[in-house]
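We use all heavy atoms of the structure for the numbers below, so side chains are in, but hydrogens, waters and symmetry mates are not.
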Amino acid sequence: MADFDTTEKREPSSSSASSDLEASHGITEKHLLRKLDRHLLPGVCILYLLSFLDRSNVANAKLDGLTTSLGISGNEYLTGLTLFFVGYIIFEVIWNVILKRIGPRIWLPLLTFIWGVVATLQGVIVNNGGKTGLAGFLVVRFFLGLTEGGLFPGVVFYLSMWYKRSERQYRIALFFSAASLAGAFGGILAYGIGFMRGVGGYEGWRWIFIIEGLLTCVLAAAGWWYIADWPSKANFINDDERAFLNARLKADSDATAHEGFTWANVLQAVKDPKVWLYGACFHTLSLPLYTLSLFLPSIIKALGYTAAHAQLLTIPPYALATILTVIYAVVSERYARRGPFIIASTVTAIIGYCMLLGNTDPLKRPGISYAGMFLAAAGIYPSVALGLSWPAINVSGQTKRATANAMQITIGNLGAVIGTQLYRANDGPRYIVGHSVALAYLIGNIAVVSTIWFVLHRENSKRDRAEREGKVQTEGEWLGDEDSRWRFRL
């Protein structure tokens, strides 16, 4: 592996170092960053909005009669939700290996187009033998998860190849905010599409899948023009900007290193306990995240609202979550800390679930439960956005980081597999089992985040002490995040 300018490894580049780079290349760093943001972030945010919309619109379709039309029971419906996440986690590490080999400009739009086709097929499931559409529902949900699984870890790795460590969290959080935005859009679209009931002989729930799936296919096909390639190949920057970008990244991380793929680097991630802790951080958030996104319409309807009103009432909690996700990202980045802000946001969600569980008669006091859902969404989404940025800024070595990103999503989504079985129809309107498990997971998240915070701080202190004692090698081959010159971001 190539040597790096190790003086810049521990902290963000100083203003003097940035000024020197600007002077030597004749380029303004802030201007270049704005250009990167304009060309990179809108495209990947569109893809993730489509991804979350296509995975969670099944909750809206259920309210519009999916289970009745297909003749499937409540438990069979939950099995379909579970199979999505089984498919989602199977190949996540492999998907990132493919991304590294063939590049984002081809891989990300191609992946999106394929899942768009699968998502559309949900709207044309037929009842097998005229009795039930269970088989088709289960197969389509599995393959939807399989094809969607490569997007999130792939984009996190992709952004880490463009931005410095100190710049990645904010961009990843903005990218993830598309998830809550998809929830808001999903409610609006489902409400409007519901009026298409009977058009072409199709029920309204079928049109939800067909229209949103075809939208994904169209925008994915256009992705060739709005998804940029790796920095070495992207055509929206000129040679001077590319040289400046490489110089600033070389002084900060391994993004410019010409690292070939080896399974040994994959194993480095698997053997690193910190990578498993990052996975545990998302695992303890994934269950409440996906139970909220997959069951929120049903939870609201169980409070006594009509299906149409329930679709609309899902919009405000998601809108608040989107706003707070961006605010937390900005403030957290300003103070260069993630742990305290994840804990604070998770506590907000805990209060929300306590309100949901404490309301003994939701039908008489629906406002209390609805307020609890506001707080749950307001707390879960910012915590997830911040937690998902940890591997991108703390794992050094391109293959190791790509693997760590994928492992975090895989480990995390095991929580979603569990969560899909918790909210059963006959448990409403209080949903004690589901809310209780989500609450327990959020409490566990505080414990995991505190552990990560302690472990990273201890490791940094150990390396600082070794440096003061003159035991740190200041030159030589870079050893990734195991190098004593590396400092972890808390």
Side-chain angles (χ1 to χ4, degrees), residues 46 49-84 87 112-148 182-222 293-302 305-315 420 423 425:
I46 287 171
L49 187 149
L50 295 171
S51 171
F52 222 85
L53 189 65
D54 288 334
R55 81 181 62 169
S56 60
N57 59 8
V58 67
N60 304 107
K62 181 177 184 292
L63 281 193
D64 218 30
L66 177 148
T67 53
T68 302
S69 177
L70 293 182
I72 59 179
S73 67
N75 289 344
E76 290 169 339
Y77 168 77
L78 296 182
T79 300
L81 301 187
T82 302
L83 283 176
F84 170 89
T112 305
F113 184 84
I114 294 172
W115 94 58
V117 172
V118 177
T120 304
L121 291 177
Q122 292 178 107
V124 294
I125 296 172
V126 296
N127 290 6
N128 186 21
K131 295 181 180 180
T132 174
L134 176 62
F137 179 66
L138 297 182
V139 169
V140 171
R141 291 304 294 180
F142 174 81
F143 280 101
L144 182 63
L146 191 71
T147 49
E148 281 200 29
F185 273 120
I188 296 172
L189 290 173
Y191 177 77
I193 294 172
F195 290 105
M196 293 182 64
R197 188 178 300 108
V199 175
Y202 281 169
E203 299 99 325
W205 68 266
R206 292 185 182 275
W207 283 115
I208 291 175
F209 290 131
I210 293 171
I211 290 176
E212 294 177 7
L214 290 176
L215 175 65
T216 297
C217 291
V218 171
L219 292 177
S293 63
L294 291 173
F295 296 106
L296 183 59
S298 296
I299 295 171
I300 294 177
K301 184 175 183 293
Y305 298 99
T306 65
H309 286 160
Q311 304 278 30
L312 290 176
L313 287 172
T314 62
I315 299 170
T420 54
Y423 284 80

Say you draw a straight line from CD1 of I300 to OG1 of T306; how long is it, rounded to the nearest 0.5 Å? 11.5 Å
What residue pairs, at least two apart or across chains, pass salt bridge (Lys or Arg N to Asp or Glu O under 4.0 Å) with a residue in residues 113-125? none
How long is the straight-line distance from CG of L83 back to CG of L144, given to the nearest 0.5 Å? 11.5 Å
Would you please name every residue forming a ring-ring contact (aromatic ring centres under 6.0 Å, His included) with F295, sequence neighbours left out? Y423
ring-ring contact (aromatic ring centres under 6.0 Å, His included) with F84: which residues, sequence neighbours excluded? Y88
Please list all pairs passing the salt bridge (Lys or Arg N to Asp or Glu O under 4.0 Å) test where one or both residues lie in residues 59-74, with sequence neighbours left out. D64-R197
Can you confirm whether more than 12 heavy atoms, excluding those of F185, are under 6.0 Å from its CZ atom? no
With a cut-off of 6.0 Å (strictly less than), are more than 12 heavy atoms of other residues, nucleotides or ligands near OH of Y202? no
Closest non-hydrogen contact found for A310 with P297 is CB-O, 3.8 Å
Nearest-0.5 Å distance that lies between atom OG1 in T147 and atom CZ in R55: 10.0 Å
Rounded distance (nearest 0.5 Å) linking atom CD1 of I315 with atom CG of L296: 11.0 Å
What distance separates I299 CD1 from T314 OG1, expressed to the nearest 0.5 Å? 11.5 Å
Does any part of the side chain of Y77, heavy atoms only, come nearer than 4.5 Å to the side chain of V58, both counted from C-beta? yes
Can I get a per-line list of side-chain donor-acceptor pairs under 3.5 Å for residues 114-122, giving both atom names and the distance, sequence neighbours left out?
from	atom 1	to	atom 2	distance (Å)
W115	NE1	D54	OD2	2.9
T120	OG1	G116	O	2.8
T120	OG1	L214	N	3.3
Q122	OE1	R141	NH1	2.8
Q122	NE2	A119	O	3.3

Sequence neighbours left out, what passes side chain to side chain donor-acceptor pair (under 3.5 Å) with T420? Give chain and number order. T82
Taking side chain as C-beta onward, heavy atoms only, is L63 less than 4.5 Å from S298? yes
Go through the structure and list residues passing side chain to side chain contact (heavy atoms under 4.5 Å, CB included) with L134, not counting sequence neighbours. I72, E76, T132, L138
Within a reach of under 6.0 Å around CZ of F142, are more than 12 heavy atoms found that belong to other residues, nucleotides or ligands? yes
CG (L189) and CG (L53) are apart, to the nearest 0.5 Å, by 6.0 Å
Within the distance-only criterion (no hydrogens, no angle test), does the side chain of S56 pair as donor or acceptor with the backbone N or O of F52 below 3.5 angstrom? yes
Return the set of residues passing side chain to side chain contact (heavy atoms under 4.5 Å, CB included) with Y191 (not counting sequence neighbours), or none when no residue passes. F195, A308, Q311, L312
List the atom pairs, donor and acceptor, that lie under 3.5 Å between side-chain atoms in residues 204-212 and the rest of the protein, sequence neighbours left out.
from	atom 1	to	atom 2	distance (Å)
R206	NE	E203	OE1	2.8
R206	NH1	G123	O	3.1
R206	NH1	I125	O	2.7
R206	NH2	I125	O	2.9
W207	NE1	V199	O	2.8
E212	OE1	N57	ND2	2.7

